[in-house]
Amino acid sequence: MPRFGGAPKCHACEKSVYMAEEVKALGKVWHKTCFKCNGCGKRLESGSESEHDDKPYCKNCYGKRFGPKGIGGGATAGCLQTEEGALPSANLKIRTPLLTSLRLGAKKNVTPVRRLFMLQRS
């Protein structure tokens, strides 16, 4: 906010922002029309944005550009990558239902609780 009168400047266009058109987000002041996604250009609401390098993004564009890279997210969590590099897999053992049922001999009378105990021992 300027020291003597005037209105605060929009972070995007550097023009004065008056109360009726003001959006406060990411610790800055924006015009409603200037506060849009840096990726797709979609207008954003305060609170529905993500920030990267001091620029606003919608949740979809932020996830596509700066989120984890890889296929899926559950079974392949050990091999996902981000911009910085590979995420540690933390030595996770990934078991699929098919492999689990083959390992347990596909016993139909094994309860889910019993199956957990059997898996923990192996």
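Contact check for E22 versus P8: side-chain heavy atoms found under the 4.5 Å cut-off. Contact of the F35 side chain with the R43 side chain is not registered, since no non-hydrogen atoms from C-beta on lie closer than 4.5 Å. The closest side-chain heavy-atom distance from N38 to C61 is not below 4.5 Å.
No option in E21, K9, H31 other than K9 meets the side-chain hydrogen bond (donor to acceptor under 3.5 Å, both in side chains) test with S16.
Under the ring pair (Phe, Tyr, Trp, His ring centres under 6.0 Å) criterion, H11 pairs with W30, sequence neighbours left out. K36 meets the side chain to side chain contact (heavy atoms under 4.5 Å, CB included) test with no other residue; sequence neighbours excluded.
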Checklist entry - What's the verdict on side chain to side chain contact (heavy atoms under 4.5 Å, CB included) for H52 and Y62, showing C-alpha distance, side-chain angles and the deciding distance? => result CA-CA 8 Å; H52 188 77; Y62 184 84; 3.9 Å; yes
Item to check | Trace of the side chain to side chain contact (heavy atoms under 4.5 Å, CB included) decision for C58 with E49 | outcome: CA-CA 5 Å; C58 65; E49 77 283 345; over 6 Å; no
Item to check | Worked verdict on K59 versus S48 for side chain to side chain contact (heavy atoms under 4.5 Å, CB included) | outcome: CA-CA 7 Å; K59 300 287 183 191; S48 69; 5.6 Å; no
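L26 and V29 are assigned to two separate hydrophobic clusters, defined by single-linkage of ILVMFWY side chains at heavy-atom distances under 4.5 Å. Residues Y57 and L44 are members of separate hydrophobic clusters, defined by side-chain heavy-atom contacts under 4.5 angstrom among Ile, Leu, Val, Met, Phe, Trp and Tyr.
Between atom CD of residue E14 and atom SG of residue C34 there is a gap of 10.0 Å, rounded to the nearest 0.5 Å. With rounding to the nearest 0.5 Å, the separation of NZ in K42 from SG in C37 is 7.5 Å.
Among all heavy-atom pairs drawn from V17 and A7, the shortest one is O-CB, 3.2 Å.
With a 6.0 Å radius and a threshold of 12 heavy atoms from other residues, nucleotides or ligands, E51 has its CD atom above the threshold. Summarising the local packing, NZ of K55 is surrounded by 12 or fewer heavy atoms from other residues, nucleotides or ligands at distances under 6.0 Å.
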